[in-house]
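One structure below.
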Amino acid sequence: MRPKSESNDLSYCESMVMKLVWDAGKDISIQELITQLRERYNKDYARTTVVTFLGKISEKGYITTYRKGKNSYIHAEKDEDWYKKKKLNEETRFWYEDDPVQLISALCESRKITGDEITRMRKLLNELDA
């Protein structure tokens with residue numbers, strides 16, 4: 001049985017929202033977020049649905065929202081890099097018995113790894129070993 005998620009984990013829809021907030025690189029308006037959800041993920045959510053997602057994400061401490069004039073904006077409170085590492089560690093523990101070699105093996109088997117990527121991985125591993 002898979003361990004229960006932490007209360008501050010993001011759902012799939014919440015993760016899509018946060019990805020767009022992080023990718024914006026700055027505070028993003030709710031209207032721009034709705035547009036990006038439609039354009040990038042083909043999700044035509046109503047404004048009320050998006051606001052519900054934002055409320056849940058805010059309760060988990062990932063964002064704050066504020067008004068500026070007639071528009072509402074979203075500000076990321078947690079770092080994307082921190083979140084990606086957190087999720088990767090959780091998935092590695094669960095699916096690959098906390099063994100990064102199994103993780104990398106699965107990655108290499110699931111897609112074609114280019115010569116350039118192999119060179120970059122070797123360089124990274126050599127730097128970590130030094």
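Counting begins at 1 with the first residue of the sequence. Note that these values count all heavy atoms, side chains included, but never hydrogens, waters or copies made by symmetry. Not measured: the values here are computed from a predicted model.
When all heavy atoms are compared, the tightest approach of E14 to D9 is OE1-O, 3.9 Å. Pairing each heavy atom of E77 with each of I63, the nearest pair is CG-C, 3.7 Å.
Residue N89 holds its CG atom at 10.5 Å from CD of E91, rounded to the nearest 0.5 Å. Rounding to the nearest 0.5 Å places CG of D27 at 12.5 Å from CG of N71. Between the OG1 atom of T35 and the CG atom of D44 there is a distance of 10.0 Å, given to the nearest 0.5 Å. Rounding to the nearest 0.5 Å gives a distance of 11.5 Å between OG of S29 and NZ of K68. In this structure, NZ on K60 lies 5.5 Å from CG on L10, to the nearest 0.5 angstrom. Taking CZ of R38 as the start and OH of Y45 as the end, the distance is 12.5 Å to the nearest 0.5 Å.
Under the 4.5 Å side-chain heavy-atom criterion for ILVMFWY residues, no single connected hydrophobic cluster contains both I113 and I104. A continuous path of ILVMFWY side-chain contacts below 4.5 Å connects Y62 to Y41, so both sit in one hydrophobic cluster. Y73 and V21 end up in different hydrophobic clusters when Ile, Leu, Val, Met, Phe, Trp and Tyr side chains are linked at under 4.5 Å. Hydrophobic clustering, with ILVMFWY side chains joined whenever heavy atoms are under 4.5 angstrom apart, groups Y96 together with F94. There is no path of hydrophobic side-chain contacts, each under 4.5 Å, that joins Y66 to I34.
Side-chain contact between Q31 and R47 is present, with heavy atoms from C-beta onward closer than 4.5 Å. Residues S72 and I30 are in side-chain contact: their nearest non-hydrogen atoms beyond the backbone lie under 4.5 Å apart. In this structure, the side chains of I74 and I57 stay at 4.5 Å or more apart for every pair of heavy atoms.
Summarising the local packing, CD of E127 is surrounded by more than 12 heavy atoms from other residues, nucleotides or ligands at distances under 6.0 Å. The 12-atom threshold is exceeded at CZ of R67, counting heavy atoms of other residues, nucleotides or ligands nearer than 6.0 Å.
A distance-only check finds no donor-acceptor pair linking the side chain of Y83 to the backbone of K19 [under 3.5 Å]. At distances below 3.5 Å, not a single donor-acceptor pair connects side-chain atoms of S105 with backbone N or O atoms of V101. With W22 contributing its side chain and K78 its backbone, the two residues share a donor-acceptor pair below 3.5 Å. Side chain of S58 to backbone of L54: no donor-acceptor contact under 3.5 angstrom is found.
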Between E90 and K87, does a salt bridge (charged side-chain N to carboxylate O under 4.0 Å, His left out) hold up when you go through it step by step?
CA-CA 5 Å; E90 289 171 0; K87 294 306 292 178; 3.2 Å; yes

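Evaluation of the side-chain contact (heavy atoms from CB on, under 4.5 Å) rule for T114 yields D116, E117 as partners, not counting sequence neighbours.
A salt bridge links R40 with D23: the closest approach of a Lys/Arg side-chain nitrogen to an acidic carboxylate oxygen falls below 4.0 angstrom. Between R93 and D98 there is no salt bridge, since no side-chain nitrogen of the basic residue lies less than 4.0 Å from a carboxylate oxygen of the acidic one.
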